Student: 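A single structure is presented below for examination.
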Number of protein chains: 2
Amino acid sequence: MSAPAALAAKDPQERRRRILAAAIEVLEDKGFAGTRIADIAAVAGTSPALVVYHFKTLDGALAEALGSVEDDFYHNVSAATPPNADAVERLRILSYFASVGGPAMGTWALYMEVWVRALRDGGARAMRRAVDARWRHTLTELITAGIDEGSFRCVDPPASALRLAALMDGLAVQAALADMDVPDEEMNRLWLEAAAAELGIDRDLLLAPVTIRTSNKAASVSKTASHT
Amino acid sequence: MSAPAALAAKDPQERRRRILAAAIEVLEDKGFAGTRIADIAAVAGTSPALVVYHFKTLDGALAEALGSVEDDFYHNVSAATPPNADAVERLRILSYFASVGGPAMGTWALYMEVWVRALRDGGARAMRRAVDARWRHTLTELITAGIDEGSFRCVDPPASALRLAALMDGLAVQAALADMDVPDEEMNRLWLEAAAAELGIDRDLLLAPVTIRTSNKAASVSKTASHT
DNA sequence: CAGAATCCTGACTGATCGTTCAGGATCGGG
DNA sequence: CCCGATCCTGAACGATCAGTCAGGATTCTG
């Protein structure tokens, strides 16, 4: 419902990419259960048959869309991270992008659906495992880097990563469903406070106002995460 | 797939109750998306048409099943609570029944599905709101009772109830999905520790081993929640 | 430019399921 | 015993979709 259907791409690969983008859009809009091949085709401005032609099956398309969303997340994070950033800054950036109030809204809803599917579907379970492992690995690596720099204190990085990841999930559920309580904006702060306690970081240092550079198309939007 | 289909009940109301029980069983087994009228009918040992006759629609049946599950939870809790129980004991009992490792496993999966549905479906959103409100009200009332007894210290009972409820949700997600980390048995302990901190209760008092009397059919099962 | 590979489409198929319906069984009250 | 209400059933309807297929258009290759 956003792309002008008339604009057909010449390059087949570009067409494929558009379908994938359409799949992501519909997925975030209607969820797994509500996504139809016809919807994706309509948003992409093509025929349902072409979706099947490129992705062989609906589940295949959705799985690839999900993987694409995950890759985008890490890409955005690394694009926003200056080469010389220290561990504290990297932690802040990570928290910003992962927060529901941040750019990842909608993505969390997708992951929640994956969780539910993982209860019964083997493929979804494997996907969740992989996503979780990558996320915890990222945190663990960041923590050990912080220790090496001398700015973090932590006896068991993988365990701390697990706890912090779990907390983030719980907060995300609350924030995504909150009808009014647990405001989105608080998520970032709540998580960083917990991280400060977990990693022995000076609370004020971690929560100090920062500017995150996001590399969005066109203008480079910047947002300040201020400490209430 | 548990009830002998041949045993037909004479009383129509009893028949209806069996169908409801069948709906719960199938729901916990296959989830919302996977539950078919035919499945419920098969488990209940009747025809699909009778399911519709009694509940008018599949969604109606599922909604009533969900409500029944919730009622059962509170019924079980109050049945296991001695009339003279103090706030600390009531808190322990509540935690036991709500823990994923406890009797509520399967129920948590259902609620997770409700959460996801609540993202898009108005009815599910209302249901979640109601369930959440009842749960937080129960916690708030318990907290104020503990304050009156002089065993809890807490400046803002509703806020503490909110935080503890949120933590329980987050832990439930982790435990329900945990392939190995976050063992079920730890949930009870983790939550009680947090409650002890939140409510200013002596940690050892709250975590001391107890025996919960469950009023199950046939033998009265008892389980000791031991503090590692 | 010819032929093949790739890309694309509309029309169709086949399967799944919620729900309806016409009527049969059962039961309770008068 | 009779009659209406309630309870119950098998069969069928109709809607929804994922995926197929035969063939047309376009692009690539030699």
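Order of the sequence lines fixes the chain letters, A, B, ..., with proteins taken first and strands second; residue numbering starts at 1 for each chain. As the structure is a computational prediction, the values presented were derived from the model and not from experiment.
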Student: Using whole Å, what does the distance between atom P of nucleotide C:dC8 and atom CZ of A:R16 come to?
Tutor: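 Roughly 11 Å, once rounded to whole Å.
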Student: Starting from C1' on C:dT26, measure out to CD on B:E14 and report it in whole angstrom.
Tutor: 18 Å
Student: Is there any salt bridge (charged side-chain N to carboxylate O under 4.0 Å, His left out) pair reaching into residues 70-85 of chain B, and which pairs are they, with sequence neighbours excluded?
Tutor: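 Residue pairs passing salt bridge (charged side-chain N to carboxylate O under 4.0 Å, His left out), neighbours aside: B:E70-B:R134, B:D71-B:R134.
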Student: Do A:E28 and A:T107 have side chains that get closer than 4.5 Å, going by heavy atoms?
Tutor: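 Side-chain contact under 4.5 Å: yes.
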Student: Parallel, tilted or perpendicular for B:Y74 and B:W135, by the 30°/60° rule?
Tutor: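 If you compare the ring of B:Y74 with that of B:W135, the planes turn out tilted.
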Student: Without decimals, in angstroms, what is the distance between A:R15 CZ and C:dC7 P?
Tutor: 12 Å
Student: Tell me: CD1 of B:I19 to C1' of D:dC8, nearest whole Å?
Tutor: 10 Å
Student: In whole angstroms, how far is the C1' atom of D:dC8 from the NE2 atom of B:H54?
Tutor: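 Computing the B:H54:NE2 to D:dC8:C1' distance gives 8 Å.
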Student: Should A:R17 and A:E14 count as an ion pair when the cut-off is N to O under 4.0 Å?
Tutor: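 Between A:E14 and A:R17 there is a salt bridge, with a charged N closer than 4.0 Å to a carboxylate O.
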Student: Sequence neighbours left out, what pairs pass salt bridge (charged side-chain N to carboxylate O under 4.0 Å, His left out) with at least one residue falling in residues 115-124 of chain A?
Tutor: A:R120-B:E113
Student: Below 4.0 angstrom, N of the basic side chain to O of the carboxylate: do A:R16 and A:E64 qualify?
Tutor: yes
Student: In whole Å, what is the span from the CD atom of B:Q13 to the P atom of D:dC7?
Tutor: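 Rounded to the whole Å, the gap is 7 Å.
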Student: Do any side-chain nitrogens or oxygens of B:Y53 fall under 4.0 Å of OP1 or OP2 in D:dC8?
Tutor: no
Student: Quickly work out the A:L50 CG to D:dT20 P distance and round it to whole Å.
Tutor: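 Result: 15 Å.
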Student: Anything under 3.5 Å between a protein N or O and an N or O of nucleotides 11-18 of chain D, put it in a table, one pair a line.
Tutor:
{"unit_1": "D:dC17", "atom_1": "OP1", "unit_2": "A:R36", "atom_2": "NE", "d": "2.8"}
{"unit_1": "D:dC17", "atom_1": "O5'", "unit_2": "A:R36", "atom_2": "NE", "d": "3.1"}
{"unit_1": "D:dA18", "atom_1": "OP1", "unit_2": "A:R36", "atom_2": "NH1", "d": "3.4"}
{"unit_1": "D:dA18", "atom_1": "OP2", "unit_2": "A:I37", "atom_2": "N", "d": "3.3"}

